Amino acid sequence: MGGKVLLVGFLPDEVERLRGALSVPVFEVPEYCRDWVVSEIVEKAENLSGSSYWHLRKFVIMHGLDNETLKGTIRAVKSLNLGRVIFATTTETSLTWKLEDLLNELMAEDEYFRAMRWAREEAGKRRGPFLDIGKG
């Protein structure tokens with residue numbers, strides 16, 4: 001079974017741009033799948049119908065991609081400047097989760113890592129002036 005990319009939260013024109021930019025099949029995941037187990041969505045992706053534009057956040061969920069294709073997919077999506085996108089790959093564990101639970105977990109992880117990055121950047125900004133205190 002080949003790799004595929006599942007989209008949640010993208011407008012129809014963004015989906016078309018992604019389909020044109022990516023070298024793997026791209027499928028929209030409609031809202032009626034929110035309570036489905038992720039493995040079921042992966043299996044039935046070709047037969048899903050409806051827009052992925054039902055979630056306030058944008059998700060690119062990659063399944064079955066080798067490392068080079070994975071990196072190329074992320075680069076291609078970022079090059080389209082579609083705003084803040086959360087990237088994920090399916091795992092043995094995530095394939096057993098309901099889609100909505102996975103999306104909530106991905107959002108929590110995204111917020112955590114953004115907060116950590118912000119804290120590091122802020123610490124780096126503060127470090128400069130304070131290094132000189134007490135010297136002289």
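This is a predicted model, so every value here is computed, not measured. Heavy-atom basis, side chains included; hydrogens, waters and symmetry copies ignored.
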Colleague: Linking I/L/V/M/F/W/Y whenever their side-chain heavy atoms sit closer than 4.5 Å, directly or via other members, would V38 and V24 fall into one cluster?
Modeller: no
Colleague: Would R114 and E121 pass as an ion pair if we require N to O under 4.0 Å?
Modeller: no
Colleague: Are Y32 and V42 co-members of a hydrophobic cluster defined by side-chain heavy atoms under 4.5 Å apart?
Modeller: yes
Colleague: For the atom pair CG (L106) and CG (L102), what is the distance rounded to the nearest 0.5 Å?
Modeller: 4.0 Å
Colleague: For residues E100 and L103, determine if any side-chain heavy atom of one lies less than 4.5 Å from a side-chain heavy atom of the other.
Modeller: no
Colleague: Determine the minimum heavy-atom distance between L70 and M62, stating which atoms define it.
Modeller: CD1-SD, 3.7 Å
Colleague: Identify the two heavy atoms, one from I41 and one from C33, that lie closest to each other, and give their separation to 0.1 Å.
Modeller: CD1-O, 3.7 Å
Colleague: Identify whether L80 and I86 are in the same connected component of the hydrophobic contact network (ILVMFWY, side-chain heavy atoms under 4.5 Å).
Modeller: no
Colleague: With rounding to the nearest 0.5 angstrom, report the CG to CD distance, D110 to E105.
Modeller: 11.5 Å
Colleague: I need the T73 OG1 to F87 CZ distance, nearest 0.5 Å.
Modeller: 9.0 Å
Colleague: How close do V29 and L48 get, counting heavy atoms only, and between which atoms?
Modeller: CA-CD1, 4.4 Å
Colleague: Should the heavy atoms of other residues, nucleotides or ligands under 6.0 Å from CD of E92 be counted, would the total exceed 12?
Modeller: no
Colleague: With the side chain counted from C-beta on, respond yes when L22 and V77 share a heavy-atom pair under 4.5 Å apart, and no when they do not.
Modeller: yes
Colleague: Test side-chain contact (heavy atoms from CB on, under 4.5 Å) on V60 and I74 and set out the steps.
Modeller: CA-CA 9 Å; V60 171; I74 293 170; over 6 Å; no
Colleague: Check P25 against G3 and note the closest heavy-atom contact, atom names and distance.
Modeller: CD-O, 3.4 Å
Colleague: I'd like to know if E28 and K58 make a salt bridge, using a cut-off of under 4.0 Å between side-chain N and carboxylate O.
Modeller: no
Colleague: To the nearest 0.5 Å, how far apart are CH2 in W97 and OG in S39?
Modeller: 13.5 Å
Colleague: Taking all non-hydrogen atoms of both residues, which atom of S94 and which atom of T89 are closest, and how far apart?
Modeller: OG-O, 4.2 Å
Colleague: Side-chain contact test, heavy atoms from C-beta onward, threshold under 4.5 Å: evaluate it for H55 versus F10 and give yes or no.
Modeller: no
Colleague: Membership question, hydrophobic clusters at under 4.5 Å side-chain separation (ILVMFWY): are I61 and W54 in the same one?
Modeller: yes
Colleague: Do L6 and T90 come within less than 4.5 Å of each other through their side chains, counting heavy atoms only?
Modeller: no
Colleague: Does any part of the side chain of E46, heavy atoms only, come nearer than 4.5 Å to the side chain of K4, both counted from C-beta?
Modeller: yes
Colleague: Considering only NZ, NE, NH1 and NH2 on the basic side and carboxylate oxygens on the acidic side, decide whether E68 and K71 come within less than 4.0 Å.
Modeller: yes
Colleague: When rounded to the nearest 0.5 angstrom, what is the spacing between CZ in F59 and CG in L7?
Modeller: 12.0 Å
Colleague: What heavy-atom pair brings P30 and S49 nearest, and what distance separates the two atoms?
Modeller: CG-O, 3.3 Å
Colleague: Answer yes or no: is there a side-chain heavy-atom contact under 4.5 Å between Y53 and V8?
Modeller: no
Colleague: Could you check whether any side-chain N or O of R57 sits under 3.5 Å from a backbone N or O of G9, counting only pairs where one atom can act as donor and the other as acceptor?
Modeller: no
Colleague: Can you find a heavy atom in the side chain of L82 that is under 4.5 Å from one in the side chain of L18?
Modeller: yes
Colleague: Within this structure, what is the CG-CD distance for the pair L11 and E14, rounded to the nearest 0.5 Å?
Modeller: 4.5 Å
Colleague: Backbone N or O of D13 within a donor-acceptor pair of the E16 side chain at under 3.5 Å?
Modeller: no
Colleague: Are any of the side-chain heavy atoms of L95 and H63 separated by less than 4.5 Å?
Modeller: yes
